[in-house]
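One structure is given here, and the rest of the page talks about it.
All of these numbers come straight from a predicted model, not from anything done at the bench.
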Amino acid sequence: MKLNSLAKLGGVALLSAVVLAGCGSKSSQSGSKKQEISWMTPSAIATMDTSKMTDLYSAQVANGTNEGLLRMAKNNKVDPGVAKSYSTSKDGLTWNLTLRHSKWNNGDPVTAKDFVFSWQRTVNPKTASQYAYIFANIKNAAKINSGKMAVSKLGVKAEGNYKFVVTLDKPQSFFKFMVTQPEFFPQNPKTVAKYGSSFASNSTKNSYNGPFVLKGWNGTNDTWTLTKNKDYWNAKSVKIQDVKFQAIKTPSTALNSYNSGKLDFTTLSGTLAANNKKNKDYVVFPEASTSYMEFNTKKIPALRNTDIRKAMALAIDKKQMVNKVMQGGDITPKGFVPADMAKHNGKDFAAQAYVKSGTDSNLAEAKTLFAKGMKQVGKKSLSLTLLGADDDDTKRATEFVQSQLTKLPGLKINNQNIPFKSKLSRAQNQQFDLVLSAWIADYPDPSNFLDLMTSNNPQNDGKWSNKQYDALMKKSESTDANNETARWNDMVQAEKILMNQQGVVPLYQQGQAALLKSSVKGVQPFPTSPQYDWAKSYVK
């Protein structure tokens, strides 16, 4: 899931990393029966249409207000969601899911037909979903999304109201993780039909089947509330009545609100993180996410040169960026795929696929490679604009990257920081030279990152392309799909190609430094989570 560029995950992102089994500071201090907490997030909601959302912050709210077939749990496990049980065929191609009797907040039953409707809507090319590619392994999804087949041919069907059957084109061992994501949530056909193009554009034009109902969001404002959903099938286990959100871009402003008792949680970065390490409320949560820089190889011919890309990567001191600039719990990366996210036979993927030059820093070598590359493309100078979001973290990150890259003789870097939503749009339309991006895992498999850099993936904003890389990723999902070791080796080789060719520049693996009120009881560290299913934090 695309993050707010290099911004730290805020507010609800923390809740993917903890189990909150108590009540907020307001209830614990006042003795009130109403359990309420106040949370900070660095960006407002972009959309609540699960077919169209591409950013983390919208998806995090969706995880609180809606529920899919299964839910992510600790240690890369899944818990029942709308589906109370499931089974798979021996060949791994057919998934049979038995649904429980649950309801939408308007009283309508949640049925298998709602999943069929939602998934068909997302892969329908008329919807223009940026995440439709994630359905590609479902039978006929790719052909439907390219306009070559009718939506009705998608490999999903409802057998009665409470049995949902999915047919895959090829086995996918991590499919159970896929269906925990917002893109796979059900949608109420009546609600979609009622509101048409304005569906999910504010809190009232939607239906909710999850632990909470969204209230007070008009589509553009920076405050909203999640209120306990009395119609949720497991409402008795939801221990929080209200979660009040504030989108606060400036970390110092958020910290002031926290210190004055207006927030139960705030993120920290830079000097704020460094200055608060001895605070009793200070916590750091690891994240399965990577912040990286993309090159626009489609627009800028010089950036198609491997030596120029490698030179720019080597010019950036990642250790200094982590320790002196960001200072918020991050670690230096081993590659594009985060460390400790995926393992096979006891071996971590990032360690096996490690390419030293892909994440190393060496200014002398960078200057030599840059001069060589510039000679190859017939240029003596190069002027590029570095695009990023306008939050404080990203501004500091772009300034640091700019200072590092301009050490290369003949390279000029101009920074452009704009609102996150605009930055997403510009990046998706290749309206940039260089762009700072970040991705958090949707499911605990290396493919969630590596698929992004295949030639035709819509999230590949820089349009880097390598035929061998594409072939390996295709092989991992077809010929070797049922052979875990062969599939793993395919992906290891693909990552090495990506790093040797410097298709992207991993800058750091994210961690989140934060302050969390001690009066918010029951906090337990959650191992690096590939999912942002924070709503379970409130389920005891």
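- P301 meets the side chain to side chain contact (heavy atoms under 4.5 Å, CB included) test with R304; sequence neighbours excluded.
- Proximity of K324 to D317: side-chain heavy atoms (C-beta onward) are nowhere separated by under 4.5 Å.
- The distance from the OG1 atom of T297 to the CD1 atom of I308 is 12.5 Å, given to the nearest 0.5 Å.
- Here F135 pairs with W119, F184 under the ring-ring contact (aromatic ring centres under 6.0 Å, His included) rule; sequence neighbours left out.
- Inter-residue side-chain proximity for Y282 and L268 is flagged as met; some heavy-atom pair is nearer than 4.5 Å.
- The side chain to side chain contact (heavy atoms under 4.5 Å, CB included) search around S357 returns V355, N500, not counting sequence neighbours.
- In this structure T306 satisfies the side chain to side chain donor-acceptor pair (under 3.5 Å) test together with R309, Q501, sequence neighbours excluded.
- With salt bridges taken as basic N to acidic carboxylate O contacts below 4.0 Å, one links D445 and R487.
- With a 4.5 Å cut-off on side-chain heavy atoms, T41 and Q246 do not count as touching.
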Name the atoms and distances for all side-chain donor-acceptor pairs under 3.5 Å in residues 365-389, with sequence neighbours left out.
from: T368; atom 1: OG1; to: A364; atom 2: O; distance (Å): 3.2
from: Q376; atom 1: OE1; to: N305; atom 2: ND2; distance (Å): 2.7
from: Q376; atom 1: NE2; to: D307; atom 2: OD2; distance (Å): 3.3

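- When the ring-ring contact (aromatic ring centres under 6.0 Å, His included) test is applied to F174, the partners found at least two apart in sequence or on another chain are Y443.
- Remark: K170 engages N137 in a side chain to side chain donor-acceptor pair (under 3.5 Å) (not counting sequence neighbours).
- Heavy atoms from other residues, nucleotides or ligands lying under 6.0 Å from CG of N456 number 12 at most.
- Under the salt bridge (charged side-chain N to carboxylate O under 4.0 Å, His left out) criterion, D360 pairs with K356, not counting sequence neighbours.
- When the ring-ring contact (aromatic ring centres under 6.0 Å, His included) test is applied to F400, no partner is found at least two apart in sequence or on another chain.
- Partners of T47 according to the side chain to side chain contact (heavy atoms under 4.5 Å, CB included) rule, which considers only residues two or more places apart in sequence or in another chain, are D49, M53.
- T65 and L226 make their closest contact through CG2-CD2, 3.7 Å (heavy atoms, listed as atom of the first residue, atom of the second, distance).
- You'll find the ring centres of Y133 and Y131 inside the 6.0 Å limit.
- Counting heavy atoms of neighbouring residues, nucleotides and ligands inside a 6.0 Å radius, atom CD of Q468 does not exceed 12 of them.
- Listed by chain and residue number, nothing satisfies the side chain to side chain donor-acceptor pair (under 3.5 Å) test with Q130 (two or more places apart in sequence, or in another chain).
- With sequence neighbours left out, the side chain to side chain donor-acceptor pair (under 3.5 Å) criterion links T485 to H344.
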